[in-house]
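In what follows, a single structure is set out as structure tokens and then discussed.
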2 protein chains.
Amino acid sequence: MGRTAGRSPEQTRAAILDAAGRLVRERGVSASLDDVARRAGVSKGGLLYHFANKHDLHLALAADWLESFRTAVLAAIPPDDDAPGRLTRGYVRVSVDGALDATASRDALVVIAHLSSVDAVVDLARADARRWNEDLRADGLPEDVLALVVAAADGASAQPAWGGEPTPDELTRLREQLLALTILGD
Amino acid sequence: MGRTAGRSPEQTRAAILDAAGRLVRERGVSASLDDVARRAGVSKGGLLYHFANKHDLHLALAADWLESFRTAVLAAIPPDDDAPGRLTRGYVRVSVDGALDATASRDALVVIAHLSSVDAVVDLARADARRWNEDLRADGLPEDVLALVVAAADGASAQPAWGGEPTPDELTRLREQLLALTILGD
DNA sequence: GTCTATAACAAGATAGAC
DNA sequence: GTCTATCTTGTTATAGAC
């Protein structure tokens, strides 16, 4: 048995996806399989057992990011929030705080932008965007408020992509501002 | 003389940057020099005369995009607009319409996101973002309005990056909404 | 289930012809 | 100023040992 004796296949897979995510964010899709494998603590051969080829790895990575973003949004809705706009509020919290945190499902946009060079990922992202569109529309907010708030949330999480360095303070204020917009209704 | 007899060096350079921009947007920085050269109608050797190496090409591309975005924003300010928020309004017009148009300085964020795998580009983008930050702060709008409007504009131009397909109608409404926010003052 | 070794290929960069 | 080789390196992916 190799040097990863104590790790289950699922854990190995997760470690590979994690390493790939960080490397893609740093270097884009041209990050080599060898580098990904090394950072995940497996050999290239080991990596290619779990993901048949680079294309598969990228696709799985995109699916993983999109799914974990969705999960994070749902988790960011307080159980007692039953008012219209609850999903939007979760979306805002995760997007804006994501520009702040240095972990978890942050920077989704940067990674997706990089992965968008892979055709199959574009299709996946498009389908996911449509689903968000539907879900958010059904969230009970006036159309204009929704469009404004979602665009601003997206913008906040996009800023690190092109050099923006919003301070925690600015992000906090933006988040509260956006949340307030969803509560007054109009 | 080669097959590009009628083209000046400046035009060749511009053609290369244009081709590189489109290819980077489609495939990321892993688009090969050979492909860029072919699309620009020059040979790889010809390309490497104008840009010493791939790194230089990417840096020049980023500088070009950032500059043409700035130019577009300034051009989008009507000469008779003298009220506070004029720069912000230009920023909004270019960012939101950029998500709509299929030409010019659109999709800046996608390209910058891709290029962000190049360290020198990150520095450049950061310096540019700081400059925008200063300029926009000096634009005379209340801080909260500014943060909200700029984030939303960024978000609009970011959406195509990860699968979002805003309709022209939605974008137009968002743009008018944002412009209105900058006029009422608070 | 993971590793090493290697085949097969693609890409960046250089040198020199035109 | 641009093009055609060519060198060299790095990468994907396979085959097979452990």
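If you're wondering where the values come from, they're calculated on a predicted model, not measured in any experiment.
- The NE2-C1' distance, from B/His55 to C/dA11, rounds to 17 Å in whole Å.
- Nucleotide C/dT4 holds its C1' atom 15 Å from the CG atom of A/Leu47, rounded to whole Å.
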Verdict with supporting geometry, A/Leu57 and A/Asn53, side chain to side chain contact (heavy atoms under 4.5 Å, CB included): CA-CA 6 Å; A/Leu57 173 63; A/Asn53 51 47; over 6 Å; no
Full working for salt bridge (charged side-chain N to carboxylate O under 4.0 Å, His left out) between B/Glu170 and A/Arg137: CA-CA 13 Å; B/Glu170 286 166 345; A/Arg137 272 175 196 285; 2.6 Å; yes
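- A donor atom on one side chain and an acceptor atom on the other are not found under 3.5 Å apart for B/Tyr91 and B/Asp135.
- A search for side chain to side chain donor-acceptor pair (under 3.5 Å) contacts involving B/Thr88 returns B/Asp139, not counting sequence neighbours.
- If you take CD of B/Glu10 and P of D/dG1, they are 9 Å apart, rounded to a whole angstrom.
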Can you give each donor-acceptor pair under 3.5 Å made by side-chain atoms of residues 119-126 of chain B, sequence neighbours left out, with the distance rounded to 0.1 Å?
{"from": "B/Arg126", "atom 1": "NE", "to": "A/Glu165", "atom 2": "OE2", "distance (Å)": "3.3"}

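- Between the P atom of C/dT2 and the CZ atom of A/Arg38 lies a distance of 18 Å, rounded to the nearest Å.
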Tabulate atom names and distances for all N/O pairs under 3.5 angstrom spanning the protein and nucleotides 10-12 of chain D.
{"from": "D/dT12", "atom 1": "OP1", "to": "A/Lys54", "atom 2": "NZ", "distance (Å)": "2.7"}
{"from": "D/dT12", "atom 1": "OP2", "to": "A/Leu33", "atom 2": "N", "distance (Å)": "3.0"}

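- Within the structure, a side-chain polar atom (N or O) of B/His50 is placed less than 4.0 Å from OP1 or OP2 of D/dT2.
- At least one side-chain nitrogen or oxygen of A/Thr12 sits closer than 4.0 Å to the OP1 or OP2 atom of C/dT2.
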